[in-house]
Amino acid sequence: MGGKSDIKLIDNGKRIDGRSLDDTRNVKIDMDIINVADGSARVEFGNTIALSSVYGPRELFPRFMQKPNTGILRAKYNMAPFSVDDRKRPGLDRRSQEISKVMVNAIEPMLFLEDYPKSVVDVFVEIIQADGSTRVTGINAASIAIAAAGIPMRNIVTSCSVGKIEDSLVVDLDGKEDNFGSCDLAIAMATETREITLLQMDGAVSKDELKSLLEKAENTCKKIFEKQKEALRNLYKK
Ligand code: ADP
């Protein structure tokens, strides 16, 4: 983020891929894509594709990690080496550790972990194609994979990115926009209660711009939430 781009990211109110400022990319959700998992989902935001599988609640081993009065949530975010054109170095890095941690923070408040002492809920997110906004795509996938696993939730978590590119405020940044824009902000929220569980911002905007970005983020999350609900409804109809 913050680099200089030779290409014009916005021309006449249209973005490189033809979207207007408030359009998300095409959002596609498929449920139950990993049969051995308790719940799973595949979420696409344009070219960004996240797979999530969920296991649990199940007894946590080794036992010394168990909490006698509550269960715990673990999340593991990973970007596949083949998910970007220059091959991402495989394995743990600081970025994936950070994203795994913020995923736990974004989702944990929605679970009733106190009902599962000594247990763990494991959430895996694998980015198989990365073109910007992978953490929010991953959170959307994880949230509905948890619901599909039948784990009770206070609310579904919905997540999106918003940001500023070339003096315009936009939603759902793709890879180029993330790289060459001046600000990107990731948010996760329960749209029904307006509870925000993740807010990360890279870059700078004015106070008024931040206010507008948050409004755009809420509107965008509402649209994505509808898609999440539809995907879950279709799953249960089956
Ligand atoms: P997010 O994917 O949540 O927006 P970042 O802002 O850290 O997180 O990353 C922005 C984008 O940069 C990613 O979506 C991906 O397209 C690209 N990217 C991230 N890490 C790498 C990497 N190691 N190699 C190539 N591209 C990367």
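Note: hydrogens, waters and symmetry copies are ignored here, and every other heavy atom, side chains too, is used. Both ligands and their constituent atoms are indexed starting at 1 by order of listing.
Looking at K164 and D184, no side-chain N of the basic residue comes within less than 4.0 Å of a carboxylate O on the acidic one, giving no salt bridge.
Residues V123 and R74 are not in side-chain contact: their nearest non-hydrogen atoms beyond the backbone lie 4.5 Å or more apart. You'll find the side chain of T70 stays beyond 4.5 Å of the side chain of D115, heavy atoms only.
Atom NZ of K176 is separated from atom CD1 of I165 by 11.5 Å, given to the nearest 0.5 angstrom.
Side-chain polar atoms of N140 and T137 form no donor-acceptor pair below 3.5 angstrom.
Ligand 1 is surrounded by M79, V84, D86, K88, R95, A130, D131, G132, S133, T134, R135, D178, each with at least one heavy atom closer than 4.0 Å.
Under the 3.5 Å distance criterion, the side-chain polar atoms of T191 are left unmatched by any main-chain donor or acceptor of K222.
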